[in-house]
**Student:** 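Mind having a look at this structure? Questions to follow.
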Amino acid sequence: MTIPTEPIGSIPRPPALIDAVARRGAEDPGLDALYDGAVRDTVARFEATGSPVITDGEQRKYHNFWTYSVHGLANTAPDGFKIPFAAGHTRRMPRLTAGPFRYRRFADDFLDVAMRYAHRPLKQAVISPSALSLMYPADGIRGYSREEFIDDLLREHETEVRRCLEKGAHSVQIDFTEGRLAMKIDPSGHLLNSFIDLNNLALSRFSANDRKRIGVHTCPGGDRDSTHSADVDYAELLPSLFELQAGNFYIALAGEKDRARVLSFIRRYMKPDQRIFVGVIAPIDPRIETPHEVRDRVLEASEYIPIEQLGTTDDCGFSPFSDDTSTSRDTAFAKIRARVLGTALALEMIGKR
Ligand SMILES: [Zn+2]
């Protein structure tokens with residue numbers, strides 16, 4: 001018996017890297033040594049936490065988990081979809097201005113670099129087709145229909161996931177932070193259902209075996225210690241979420257006000273072939289959780305989720321946006337260590353039952 005434990009993805013970048021990107025731009029080739037050093041240090045420190053699965057900390061995912069694949073595309077304008085955070089700031093994605101739609105970079109490039117340094121299995125997060133679908137303007141693009149765009153988007157996404165799987169990623173996580181946000185933007189549920197359908201079109205291109213290594217991450221967002229959709233009830237999201245044809249679900253839970261209620265909805269709607277990684281660490285909370293606290297959260301979850309289907313994770317990445325300095329690297333790794341230790345403590349207690 002085991003309880004798998006995995007991170008979500010991002011780790012705060014070293015201050016020297018953040019400064020250099022701000023001064024010289026993210027793509028200055030002169031930054032290669034800094035990026036490489038950041039990945040090497042992140043992998044080493046990740047392994048030192050004992051986490052059985054690690055990431056590259058998304059050190060090179062500029063500027064964020066949402067737009068890394070399209071950042072710098074010539075056929076975009078900066079005035080796209082706005083993500084409003086509760087703290088009052090917004091993050092903005094590019095708007096597509098012309099076809100065809102192509103990724104500028106694929107996440108397996110990050111995997112190539114991390115694999116040079118890693119001794120543990122590496123997880124790779126990629127952005128969902130539904131998030132990128134928001135780049136297509138509501139009033140259309142002359143000569144490039146929405147249908148053509150969706151075809152191109154699904155192909156690019158499939159290529160990215162397939163390359164990560166083929167290169168030996170332990171798991172590929174599709175970041176779906178816009179799922180809960182969708183219920184805020186459109187309480188009728190129409191937008192959420194269209195996101196689920198689109199992502200299922202992508203997932204259906206993979207075999208059942210591949211899908212065991214593919215997961216979906218949901219959270220209320222995490223940037224500068226703030227969220228974008230924590231006020232949306234999980235009950236609005238979870239029934240649709242578990243319709244996604246993925247094998248793993250990484251669900252933010254530690255930061256929820258009423259965890260037991262969320263767990264009861266998970267129990268009601270999860271499918272027998274789905275593994276549920278519950279969040280036991282809250283990255284936006286500056287306080288470092290103790291292993292005993294984590295243990296108790298895992299034991300609580302085990303009352304709702306069969307142990308064969310239970311895993312643990314962090315609620316979110318520790319800095320999904322590359323310039324977020326609200327959490328230090330030391331704090332992030334201390335929290336990850338608590339996740340690993342607390343999960344092991346829970347397993348020990350469950351084994352004695
Ligand atoms: Zn997240």
Side-chain angles (χ1 to χ4, degrees), residues 5-13 51 53-59 61 63-69 81 83-87 89-91 93 107 110 123-132 134 171-185 192 195 199 214-232 234 236-238 240-241 244 246 248-257 259 262 266 276-286 289 297 311-324 326-327 331-332 335-336 339:
T5 187
E6 294 183 15
I8 292 298
S10 61
I11 296 289
R13 282 58 160 183
S51 191
V53 175
I54 64 166
T55 72
D56 68 347
E58 306 188 351
Q59 303 296 288
K61 248 188 194 178
H63 289 283
N64 58 66
F65 72 103
W66 191 309
T67 60
Y68 67 89
S69 59
F81 179 75
I83 314 162
F85 282 85
H89 68 287
T90 55
R91 295 286 194 172
M93 72 183 306
F110 307 132
K123 171 178 184 170
Q124 183 61 54
V126 302
I127 192 60
S128 65
S130 54
L132 291 178
L134 293 165
S171 47
V172 176
Q173 169 188 289
I174 297 165
D175 286 333
F176 185 49
T177 186
E178 70 283 9
R180 202 161 161 184
L181 184 61
M183 286 309 295
K184 186 164 178 165
I185 298 169
L192 174 61
F195 283 175
N199 291 336
I214 299 177
V216 174
H217 167 52
T218 182
C219 68
D223 184 34
R224 301 184 194 163
D225 286 346
S226 180
T227 57
H228 54 53
S229 55
D231 51 337
V232 173
Y234 256 134
E236 305 282 318
L237 170 71
L238 292 176
S240 305
L241 183 78
L244 286 170
N248 305 297
F249 289 80
Y250 303 91
I251 300 178
L253 182 65
E256 289 298 308
K257 282 197 196 83
R259 286 197 303 273
V262 178
I266 292 176
I276 315 298
F277 291 78
V278 294
V280 292
I281 295 289
I284 63 171
D285 180 354
E289 292 85 350
R297 288 174 185 176
T312 65
T313 185
D314 309 313
D315 269 9
C316 194
F318 288 90
S319 56
F321 293 85
S322 65
D323 58 359
D324 180 4
S326 61
T327 305
T331 297
K335 281 173 165 271
I336 289 168
R339 165 169 58 78

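Predicted model, so just to flag it, every value in this text is computed and none were measured. One-based numbering, in listed order, for ligands and for the atoms of each. Each residue takes its place number in the sequence, starting with 1.
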**Student:** Any chance you could measure Ser51, atom OG, to Arg339, atom CZ, to the nearest 0.5 Å?
**Tutor:**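 CZ of Arg339 is found 4.0 Å from OG of Ser51.
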
**Student:** Mind listing the protein N/O/S atoms less than 2.8 Å away from the Zn ion (ligand 1)? Waters don't count.
**Tutor:**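 Under 2.8 Å from the Zn ion (ligand 1) - ignoring waters, which are not counted - the protein N, O or S atoms are His217 NE2, Cys219 SG, Cys316 SG.
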
**Student:** Does the ring of Phe85 carry Arg224 above it, NZ/CZ under 6.0 angstrom from centre and within 45° of its axis?
**Tutor:**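 Relative to the ring axis of Phe85, which defines the angle, Arg224 lies outside at least one limit.
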
**Student:** Indicate yes or no: does Glu256 engage Arg297 in a salt bridge with an N to O separation below 4.0 Å.
**Tutor:**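 Answer for the salt bridge query: no.
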
**Student:** Thinking salt bridges, do Asp314 and Lys335 make one under a 4.0 Å N-O criterion?
**Tutor:**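 Judged by the 4.0 Å cut-off on N to carboxylate O distance, Asp314 and Lys335 do not form a salt bridge.
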
**Student:** Going by an N to O cut-off under 4.0 Å, is there a salt bridge joining Arg91 and Asp323?
**Tutor:**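 Yes.
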
**Student:** Does Lys61 qualify as a cation-pi partner of Phe321, given the criterion of NZ or CZ under 6.0 Å from the six-membered ring centre and within 45 degrees of its axis?
**Tutor:**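 Relative to the ring axis of Phe321, which defines the angle, Lys61 lies outside at least one limit.
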
